[in-house]
There are 2 protein chains.
Amino acid sequence: MSDLAIPPRPTLAAVAELAGVSASTASLAFSGSGPVSAATRERVLAAAEQLGYGGPDPRAAALRRGRSGVVGVVMEDRLADAFRDPINVAMLDGVADEAGAAGAGLLLLTESGGEVGQLTSAPMDAAILVGCSTRLDESVDRLRRRGLPVVAIEADDREGVLTIGLDNREASAAGAEHLRSLGHTSVAVVALPLDGTGGGTPLPADWESRATVHTTIERLRGLRDVYPDFPGVVATGSTIEAGMDAGRELLALTPRPTAIVAQSDLLAVGVLRAAEEAGLRIPHDLSVIGFDGIRPELVRPWDLTTLVQPAQEKGRAAGAAVVRLLAGETPEPACFRCALHVGATTGPAPSVR
Amino acid sequence: MSDLAIPPRPTLAAVAELAGVSASTASLAFSGSGPVSAATRERVLAAAEQLGYGGPDPRAAALRRGRSGVVGVVMEDRLADAFRDPINVAMLDGVADEAGAAGAGLLLLTESGGEVGQLTSAPMDAAILVGCSTRLDESVDRLRRRGLPVVAIEADDREGVLTIGLDNREASAAGAEHLRSLGHTSVAVVALPLDGTGGGTPLPADWESRATVHTTIERLRGLRDVYPDFPGVVATGSTIEAGMDAGRELLALTPRPTAIVAQSDLLAVGVLRAAEEAGLRIPHDLSVIGFDGIRPELVRPWDLTTLVQPAQEKGRAAGAAVVRLLAGETPEPACFRCALHVGATTGPAPSVR
DNA sequence: CTGTTAGCGCGTTCAC
DNA sequence: GTGAACGCGCTAACAG
């Protein structure tokens with residue numbers, strides 16, 4: 001581990017001089033986008049080889065071109081948390097597919113990252129906002145002032161932002177409708193966080209005015225469209241553990257709900273575990289419905305009733321939108337739909353059996 | 001969705017002029033790192049506000065400073081695959097923790113991404129190589145020629161690269177030793193990919209000379225240290241599905257192995273499913289051992305015997321190393337150790353019971 | 001505390 | 001097909 005030291009890097013000019021051509025010619029030889037004779041290119045490349053020149057400095061190229069080839073992906077506070085939910089991973093996957101194919105790198109950022117905020121200081125050509133929370137508005141402002149095109153996934157419509165949506169409300173309502181058709185009258189919800197703060201608390205009555213996370217609100221609204229009243233708890237995040245905690249609390253209610261609506265599959269799995277722990281039979285004693293439709297193997301051994309969302313498609317759409325925006329086109333906003341998968345975790349309400 | 005168009009951005013100079021100060025003073029007002037009177041800063045900020053100026057252009061700042069505040073993370077070919085294995089996610093998490101704390105953004109790259117290769121054209125200050133495969137050498141060359149410090153996770157030692165290692169060989173040997181102490185004489189392996197190509201084939205006899213993935217080789221060597229001869233298959237990736245496929249093949253061998261060594265926990269879970277499918281009792285009829293120690297809930301309902309590696313620590317070390325390298329320090333290479341977790345998927349060999 | 005002076009390393013006009 | 005000049009937008013030195 002000797003020389004990790006950085007040797008002085010040759011510049012294009014040095015290469016050009018060695019090759020006996022002008023800097024601009026050398027530049028063309030590298031970018032390949034101009035008319036350069038094969039012989040000249042050859043000489044330039046040879047000179048570069050000899051000097052150990054690794055190609056044009058991307059920083060300078062970025063300044064000159066006004067493009068850095070980087071797309072920012074802005075996620076929740078901790079990357080850790082974001083990565084933990086497979087649905088986010090699937091989405092990122094879609095983004096990487098499209099943006100990557102267009103030659104863009106993905107720069108992972110958090111809204112609160114860094115000192116003054118990476119949002120203001122990171123070199124990028126556009127940004128995709130994911131899992132939008134409280135600071136969305138502020139983030140958008142910062143990005144827009146930098147002149148960057150912004151694409152948001154599942155966010156409130158906002159001036160200057162292209163939104164890739166999901167029918168959260170309708171889908172949730174469809175899930176609730178499914179429960180209602182099974183005769184459930186006593187349902188409870190495990191909600192995703194309402195805002196940037198803690199969670200792990202009962203769902204407040206005034207959630208609609210207090211919550212700031214678009215997805216959470218819309219899913220709650222969908223449930224309310226079918227069940228005007230329901231108790232619930234706010235989970236600390238989209239994890240199995242949080243789902244277990246929430247499940248334990250809800251199962252201790254009297255009367256015990258006959259169905260629990262979890263706002264994500266991971267939460268649903270946690271609820272199922274809590275139910276198992278309490279000795280309840282699924283779906284005989286309790287019905288559980290999730291949201292997302294993550295890969296079934298992660299939910300094993302249950303066949304979870306859930307709302308399957310096209311996460312990767314969503315990501316792909318966002319990636320494609322950014323690419324088009326950067327190409328000067330004006331892509332249309334999109335809205336994806338979920339499909340209800342009726343599995344084996346929902347059944348008739350105990351009272352009607 | 002009207003004006004996603006990018007309005008002309010004001011420059012620092014314009015702001016400075018409006019504020020009636022020089023450009024450099026304005027610059028200081030923004031970076032905050034110089035002596036500027038509160039009143040002056042105030043005026044500059046007000047002018048910026050008025051013009052809708054969003055702060056210094058990161059591209060220009062990067063060129064001038066020679067730093068872009070971005071650390072590249074180079075992963076396997078498809079980001080999708082990388083994200084699918086929780087062990088990678090855990091590691092990324094560690095990297096994000098350290099690098100993020102230092103204010104750096106993580107730029108996700110693939111070795112083959114983009115046209116001419118993002119490795120050459122992406123603006124970054126340093127790179128972390130992860131899941132090193134065939135093209136490692138070439139990648140390192142490209143990065144080193146750009147004068148970038150390079151940190152590699154689990155790679156062969158190489159001039160000019162700081163390696164963060166794992167005791168893959170020793171750990172695998174310890175796992176094998178565990179099986180031997182239980183009386184197993186007939187073990188088979190499910191190997192991670194040997195190189196960038198397909199997989200899904202029997203493990204060739206000359207794997208040692210053919211394989212290019214450091215981690216795979218070292219783990220195979222560790223197994224061989226205890227069991228000189230063993231059959232095996234090469235999985236197509238680190239997934240449960242690939243593990244199932246591999247498991248089915250190995251369980252069809254005659255004589256059927258009494259123990260299967262999987263090179264990752266996901267593969268092990270796949271093998272367990274294949275065993276279940278074949279009606280085998282675990283560990284009565286078959287012992288299975290994994291590698292990684294991903295979160296237990298992902299392996300449920302089994303309590304998998306596995307080699308627990310400190311993945312997040314590994315990532316953290318890599319992140320810290322990069323940060324120190326960028327600070328001009330010379331961090332030492334590190335090597336982490338795994339711990340054998342004896343779960344409920346390994347037991348005495350059938351013949352000795 | 002603030003202004004002046006020079007570039008950072010390259011890509012892009014134009015001419016030739 | 002090639003070269004000369006200019007400036008992308010900012011910041012590090014210095015001088016005042």
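Bear in mind that the values here come from a model prediction, so they are computed numbers and not experimental data. Residue numbering restarts at 1 for every chain, and letters A, B, ... go by the order of the sequence lines.
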Under 4.0 Å, heavy atoms only, any strand: does [X] hit a base, just the sugar-phosphate, or nothing?
X	value
B:Thr40	sugar-phosphate
A:Leu12	sugar-phosphate
B:Arg65	sugar-phosphate
B:Tyr53	sugar-phosphate

Protein-nucleotide distance ([X], atom [atom1]; [N], atom [atom2]), rounded to Å:
X	N	atom1	atom2	value
B:Arg64	C:dC8	CZ	C1'	5 Å
A:Arg146	D:dC10	CZ	P	11 Å
B:Asp57	C:dC10	CG	P	18 Å
A:Glu17	D:dG3	CD	P	13 Å
A:Leu63	D:dC6	CG	C1'	13 Å
A:Arg67	D:dG9	CZ	P	14 Å
A:Leu28	C:dG9	CG	C1'	15 Å
B:Arg59	D:dT11	CZ	P	14 Å

Considering all heavy atoms, the nearest B:Leu107-A:Gly105 contact: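 Shortest heavy-atom contact: CD1-C, 3.7 Å.
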
Over all atoms of both residues, closest heavy-atom pair of A:Ala318 and A:Val95: CB-CG2, 4.5 Å

When you measure from the side-chain N and O atoms of [X] to the phosphate of [N], is any distance below 4.0 Å, counting only OP1 and OP2?
X	N	answer
A:Ser22	D:dG3	yes
B:Ser37	C:dT2	yes
A:Ser24	C:dT12	no

Approximate separation, where rounding is to 0.5 Å, of A:Arg65 CZ and B:Arg59 CZ: 12.0 Å

Distance (rounded to the nearest 0.5 Å) between B:Lys314 NZ and B:Leu92 CG: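 Those atoms lie 11.0 Å apart.
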
B:Val21, nearest nucleotide to its side chain (from D:dG9, C:dG11, C:dG3): C:dG3

Which nucleotide in D:dG9, D:dT2, C:dT2 has an atom nearest any side-chain atom of B:Thr11: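 Of all the options, the side chain of B:Thr11 is nearest to D:dG9.
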
B:Asp125 side chain to B:Gly69 backbone, donor-acceptor under 3.5 Å: yes

